[in-house]
Amino acid sequence: MSRKKFRPKQQPVHGEDASRQQPKKRTALWKILVPVFVFLFLLHCRMWYIEEEMLMHTAFSSGSYLGLNRKIVILLMAITMCSCMVYIYKKSTGKWYHWRNFVSAFVYGGIVVGLCTNVLVVFLFWLNSCFTSGMQTREYIIVNIAPHDRTRKSYIPRSGAWLLNTFSYGEIFIQGDRYTRIYLPIDSAYRLSGERGIYLKIELEDGWLGWGVIRKISSVAATKISEKVEIRFPEDEQTQAPDSCLHEKSEKAFKYTWRDIYIFAKLRNINLSDTTHVSVNQYIDGQKGIPVWEIDIRDSIQPDMARVILIHGETGEVMMDSYE
């Protein structure tokens, strides 16, 4: 007789043992991405106006605001796309390098760039202002002004530009100690571009990331220049000159501008703001027909003596530098 093997019946497992034996379900990816993107969107909206305000209080020693944004965009796009492709490579069972995977990674990278660029810019500005030097007052010459008016002229349907913080600003190129660029509101930039004979006096602190933290900006007029350009003739020819020659001439003939004159005086330690002892005039030499800048410097000790500097209005060449 064959004996049947006795097999004990398996009893059902209850309680903690059952939970241990059942495989754990992984959390769906969208349950992680949706809260993360919502948080980034709210943070992006929170930094909307802070970015513009902090930019107006930052002086760049090298590079620019647009250059900083480009570097951040490239960095965020590279990190996001590489992270997405690594995740797809580990989870995919087929061809992970399919073009659809690259498109998905690019889309996620674009979303992160759109939401996080201004957040990182504000974070860097805040980090730069955490550790600063003492307050200093410096004078800067305005070299050039570039208004960036980003106001939309017309409405474009189905455009995602409203998600980007494209505010208008004026980029001011300055020359002086250490810093080369500052940023002002677009209205102030247009106003400065229409004025001449001024320089900026800036109170700022040096940040530890290399940018200046601006506390106050004031524009100072160095001296007042007559709006009329005089035509000068020698004494023997001036009596013979017709009345049509004695007229106001446009200042466009002066290619050597007032800013160049200010730089010229600054390099020679001439204080143009001292209008008591220093005067600047411009005229057309009637005999040679050339524009001339004239800087008269009177000595406070010997008021009868004056240093006269004549500068060619087109080339900037020093024509005369002597005492009279």
Side-chain angles (χ1 to χ4, degrees), residues 139-147 170-176 180-182 184 188-201 218-300 302-324:
E139 296 180 357
Y140 292 93
I141 305 165
I142 299 177
V143 179
N144 193 14
I145 298 176
E171 188 173 9
I172 314 298
F173 298 87
I174 56 177
Q175 183 177 6
T180 59
R181 281 184 179 89
I182 61 173
L184 296 177
S188 301
Y190 281 130
R191 190 185 72 250
L192 287 177
S193 62
E195 297 180 1
R196 59 184 180 85
I198 62 173
Y199 64 92
L200 298 179
K201 184 176 290 185
S218 57
S219 58
V220 181
T223 183
K224 293 183 179 179
I225 302 179
S226 176
E227 296 295 334
K228 296 181 180 180
V229 180
E230 181 183 1
I231 300 178
R232 297 186 182 181
F233 292 92
E235 294 182 358
D236 55 346
E237 296 182 6
Q238 189 171 359
T239 57
Q240 302 175 2
D243 295 338
S244 60
C245 293
L246 302 176
H247 61 279
E248 296 180 8
K249 192 173 177 93
S250 173
E251 294 184 12
K252 293 183 180 179
F254 287 83
K255 297 180 180 179
Y256 200 73
T257 62
W258 168 251
R259 292 172 184 171
D260 300 324
I261 289 294
Y262 185 81
I263 296 173
F264 176 89
K266 196 77 173 178
L267 294 175
R268 288 162 178 77
N269 295 323
I270 301 174
N271 186 12
L272 295 182
S273 59
D274 185 8
T275 56
T276 305
H277 303 93
V278 181
S279 62
V280 180
N281 302 304
Q282 52 181 172
Y283 62 88
I284 304 295
D285 191 329
Q287 184 180 10
K288 299 180 181 179
I290 59 174
V292 178
W293 285 94
E294 179 182 350
I295 304 177
D296 297 331
I297 308 169
R298 297 193 175 275
D299 192 353
S300 58
Q302 298 179 355
D304 297 335
M305 297 293 294
R307 180 185 176 188
V308 180
I309 304 175
L310 299 181
I311 305 170
H312 199 293
E314 292 182 349
T315 62
E317 178 185 358
V318 179
M319 303 168 58
M320 186 183 75
D321 187 357
S322 62
Y323 286 88
E324 294 183 354

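- Annotation: the span from Ser188 atom OG to Ile145 atom CD1 amounts to 10.0 Å, rounded to 0.5 Å.
- For the atom pair Ile142 CD1 and Leu200 CG, the distance stands at 4.0 Å (nearest 0.5 Å).
- Note that CE of Met320 is 7.0 Å distant from CD of Glu294, once rounded to the nearest 0.5 Å.
- Across all non-hydrogen atoms, the minimal contact from Ala189 to Gly170 is CB-CA, 3.6 Å.
- The shortest distance between side-chain heavy atoms of Phe264 and Ile295 falls below 4.5 Å.
- None of Ile270, Val280, Asp296 except one satisfies the side chain to side chain contact (heavy atoms under 4.5 Å, CB included) rule with Ile309; the exception is Ile270.
- Of all the heavy atoms in Val143 and Ile174, the pair that sits closest is CG2-C, 4.0 Å.
- For the atom pair CD1 (Ile297) and OH (Tyr323), the distance works out to 7.5 Å, reported to the nearest 0.5 Å.
- Looking only at side-chain heavy atoms (C-beta outward), Glu314 and Ile290 stay at 4.5 Å or farther from each other.
- One distance of note links CZ of Arg181 with CG of Asn144; it measures 10.0 Å at 0.5 Å rounding.
- Considering every non-hydrogen atom in both Phe173 and Ala146, the closest pair reads CE1-CB, 3.9 Å.
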